[in-house]
Every structure is written in C-alpha cells, then in structure tokens.
Amino acid sequence: VGARRLDGAGLAARLRAELAPRAARFEARHGRPPGLGIVLAGQRPESEIYVRNKLKAVADAGCRAELVRVDEHATIDECRRVVQRLNDDEATDAILVQSPLPPGMGADAERRLFESIASAKDVDGFHPENVGRLVQKRPTLVACTPLGCIELLEREQIAIAGCHAVVIGRSDIVGKPMALLLLHRDATVTICPSRTQDLPQIAANADILVAALGRPGFVTRDFVKPGATVVDVGINVLTDAAEVARFFAADSPKQRSFAQKGSVLIGDVHPNVDEVAGAITPVPGGVGPLTIAMVLRNTITAAELRAGGAAA
Ligand code: NAP
C-alpha cells in the first residue's frame with residue numbers, strides 16, 4: 001500500500017484560494033494591491049523556474065509582482081542599490097532576493113544582501129532581526145519553506161507536541177527555522193549537521209523526520225521508524241541514466257518521464273522509504289508548492305502589517 005501521501009500541491013492550491021480574498025480586502029481598503037519585488041541575479045535555470053512560479057502565484061492571487069533582474073556579473077553594491085530602491089518604494093510590501101547568488105559576488109554576499117532588506121519587507125524571514133524574533137517566538141515573517149512544512153503537518157493533523165522530530169540539515173534557510181518552528185510547537189527536536197555520528201540510528205528515533213540536506217535519495221528506509229511522518233524538502237535533478245536506475249525501477253513512471261525529458265526530480269529521501277513511513281511528502285508536489293504559497297501569504301501579511309492593520 002505504501003505511505004500516506006501528504007499532498008502539498010493540493011494544499012497549496014487551497015491556500016492560494018483562501019489568500020486571494022485577503023489580497024482583495026487589502027486592495028479595497030488601501031487603494032492598491034499588496035506588492036512583492038523579487039531580485040534575481042544571473043540566469044540559473046532552476047532559479048528562473050522558482051521565480052516564475054512565485055511571481056505567477058502572487059499575481060494570480062491579485063497582488064502586484066515585480067521582477068528586477070540583475071546582471072550575473074553585477075557587484076554586491078549594485079544589488080544593494082536595487083534592494084534599497086525597493087525598500088524605499090511605498091507600493092512594495094515584500095522583497096525577496098532569490099538564492100543562490102552568482103558565486104562571483106563573494107561568499108558572504110547572501111547574508112549581506114538579506115540584511116539590507118528592510119525587516120518589515122523581508123518576505124523570506126532571513127533578516128537577522130526576523131530570525132531573532134523567530135527564536136524568541138515573537139510574531140514575525142518566517143522562512144517560507146519551513147512555514148509550508150508546518151502548515152502541511154498541521155492541516156494533515158500530524159501530532160507535533162511531545163513527539164521527537166529529527167531535522168537533517170541546519171541551513172539558515174530550511175533546517176534551523178524548521179527546528180525552531182517544531183520546538184515552538186513542543187516537539188523534542190534533534191538537529192543533525194553533516195558531521196553527525198550514527199545518523200541512521202538517530203533518524204530512526206523520529207516520529208517526524210525532516211530531510212533537508214540536498215543529497216538525492218540519501219535517506220533510505222533504515223533511517224525511518226515504521227509509521228513515522230517524513231517531510232522531504234530536497235529537490236535534486238537527476239540527469240544520469242545510471243543514477244536514475246539506482247533509484248527507480250525500469251518500468252516506473254519516473255523512468256518513463258526520464259526517457260521523455262532527459263531529467264527527473266528526486267528528493268533527499270529514497271523511494272524505498274515509502275514502504276516503512278506512515279506518511280510522506282512526494283517530490284515534486286510536496287513541499288515545493290507550499291513554499292510558493294507561503295511567499296504569497298507572507299507578502300499579504302507584510303502588506304497588512306505595514307499598513308498598520310493586524311495580519312488576518
Ligand atoms: P544547504 O544550505 O546546502 O544545507 C544543507 C545542510 O545539510 C547543511 O546544514 C549540511 O550540514 C547538511 N548536510 C549535508 N550532508 C549531510 C549529511 N550527510 N548528514 C547530515 N547533514 C548533512 O541546503 P538547503 O538550502 O538547506 O537545502 C536543502 C535541500 O532542500 C536542497 O535539496 C534544496 O534544493 C532543497 N530546498 C527545497 C526547497 C523547497 O521549496 N522545496 C526550498 C529550499 C531548499 P553542514 O552545515 O554541516 O554542512
């Protein structure tokens with residue numbers, strides 16, 4: 001039978017439908033729609049897709065979405081001037097700098113740019129002030145991917161309080177905020193960086209296992225307690241036939257899709273986890289669409305808060 005599918009794509013569609021009237025109410029009250037500005041440096045194909053999806057979801061819900069492109073070889077100061085322009089723009093409520101930035105901008109470019117975004121417009125929740133507020137469990141804009149994961153767990157009525165949650169990965173973007181959101185909901189949380197010893201044994205204690213490490217199919221069935229809930233945050237593109245064959249049976253839909261397109265998506269979780277997990281997020285169609293829906297929700301929340309009203 002396999003694990004229950006946690007349908008992120010379906011929930012994302014419902015969330016978008018719920019959020020559109022909130023955007024309309026804001027526009028009726030303030031004479032303009034909530035506005036999101038996305039800064040995209042360079043032309044990485046994956047980033048192009050993510051940005052296109054975010055702009056579309058936000059525009060479809062009745063918000064204003066603006067894309068500002070920055071040249072691949074631009075300096076960080078040029079990027080900061082773009083962010084500053086959006087900071088100063090009254091009709092822009094939310095700003096997102098798409099990561100990763102081109103490597104030429106330097107190792108700390110992401111942090112420097114994220115902290116140049118006005119904290120009230122920081123739709124990704126990466127600004128140190130918003131991260132601090134999250135740590136202290138104060139209301140704030142929270143990173144969209146972990147926020148989407150929590151929304152899915154709650155709407156699917158997966159119990160969080162009192163459970164043991166293991167988060168594999170500790171990035172500022174996913175792992176750390178995910179761990180904090182679970183902790184704030186009274187889970188006992190274990191965070192695993194790459195030097196963790198005995199990772200499979202630790203993971204196999206989890207009632208909720210979050211895989212956010214960026215390694216295709218790394219989390220195999222021996223990492224998973226029977227019946228556990230598995231949240232697969234990873235998005236990895238396989239283009240090598242031998243690698244695809246390592247994960248997917250010859251006659252499987254993934255293999256057919258690979259034969260047609262020359263690439264296939266896989267998460268950080270191995271397909272054989274399906275045999276032991278109680279519930280699991282698919283890739284694609286799990287966490288990814290929820291991240292996009294949360295960009296929309298945070299855009300509207302930022303607009304409401306900037307306008308002085310309580311976020312609904
Ligand atoms: P990242 O910045 O590369 O961080 C990866 C984290 O995983 C690091 O903390 C690293 O530990 C840890 N790690 C790597 N190998 C490990 C191992 N063998 N055992 C334990 N921990 C290990 O990646 P990220 O930005 O968090 O993204 C993670 C994955 O999620 C990627 O596949 C990415 O594409 C995906 N993602 C998806 C969405 C979405 O919307 N669905 C959004 C964002 C990211 P160290 O700190 O010790 O190096």
Side-chain angles (χ1 to χ4, degrees), residues 6-9 11-12 15 38 44-54 56-57 96-101 103 107-111 114 123-126 131 142-153 165-181 189-206 209-220 222-224 230-239 243 247 263-270 280-298:
L6 300 176
D7 179 13
L11 174 57
L15 286 168
I38 297 186
R44 241 177 122 255
E46 285 97 12
S47 295
E48 293 280 342
I49 296 170
Y50 296 146
V51 164
R52 198 190 315 138
N53 289 341
K54 290 173 189 174
K56 182 174 180 332
L96 182 161
V97 175
Q98 182 64 38
S99 82
L101 292 169
D108 61 346
E110 235 156 65
R111 284 194 159 188
F114 291 156
V123 72
D124 264 333
F126 297 159
V131 175
V142 177
C144 296
T145 299
L147 203 58
C149 296
I150 287 288
E151 188 76 23
L152 183 62
L153 292 174
V166 173
V167 181
I168 308 179
R170 54 141 171 215
S171 70
D172 290 343
I173 291 173
V174 187
K176 275 185 219 158
M178 185 72 219
L180 285 163
L181 290 174
V189 182
T190 303
I191 308 172
C192 304
S194 58
R195 295 183 67 177
T196 301
Q197 304 287 308
D198 303 325
L199 182 61
Q201 287 90 321
I202 293 170
N205 271 313
L209 179 61
V210 181
L213 66 161
R215 302 189 56 180
F218 183 88
V219 173
T220 49
D222 51 316
F223 285 64
V224 179
V230 178
V231 178
D232 188 356
V233 180
I235 301 180
N236 308 289
V237 184
L238 299 182
T239 51
E243 263 223 291
F247 294 111
S263 70
V264 74
L265 284 186
I266 184 170
D268 290 346
V269 175
H270 195 285
I280 191 165
T281 60
V283 176
V287 175
L290 289 169
T291 298
I292 310 268
M294 290 301 144
V295 171
L296 168 62
R297 189 165 91 182
N298 279 356

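First listed ligand is number 1; within each ligand, the first listed atom is number 1. Keep in mind that this is a model prediction, so the values were computed, not measured.
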Exercise. Could you pull out every protein residue that has a heavy atom closer than 4.0 Å to ligand 1, ordered by chain and then number?
Key: Thr145, Ile168, Gly169, Arg170, Ser171, Val174, Cys192, Pro193, Ser194, Leu199, Ala212, Leu213, Gly214, Arg215, Phe218, Val233, Gly234, Ile235, Asn236, Asp268, Val287, Gly288, Thr291
Just list the side-chain donor-acceptor pairs under 3.5 Å for residues 190-204, sequence neighbours left out, or say none.
{"residue": "Thr190", "atom": "OG1", "partner": "His164", "partner atom": "NE2", "Å": "2.7"}
{"residue": "Thr196", "atom": "OG1", "partner": "Pro193", "partner atom": "O", "Å": "2.6"}

Practice problem: Assign the ring pair Phe223 / Phe218 to parallel, tilted or perpendicular, where the plane angle (0 to 90°) is split at 30° and 60°. | Solution: perpendicular
Practice problem: Identify, with sequence neighbours excluded, every residue that meets ring pair (Phe, Tyr, Trp, His ring centres under 6.0 Å) alongside Tyr50. | Solution: none
Practice problem: State, to 0.1 Å, how close Val237 and Ser263 come at their nearest heavy-atom pair, and which atoms those are. | Solution: CG1-CB, 3.9 Å
Quiz item: Excluding sequence neighbours, so at least two apart, what forms side-chain hydrogen bond (donor to acceptor under 3.5 Å, both in side chains) with Arg111?
Solution: Asp172
Quiz item: What distance do Ile49 atom CD1 and Arg44 atom CZ have between them, rounded to the nearest 0.5 Å?
Solution: 10.0 Å
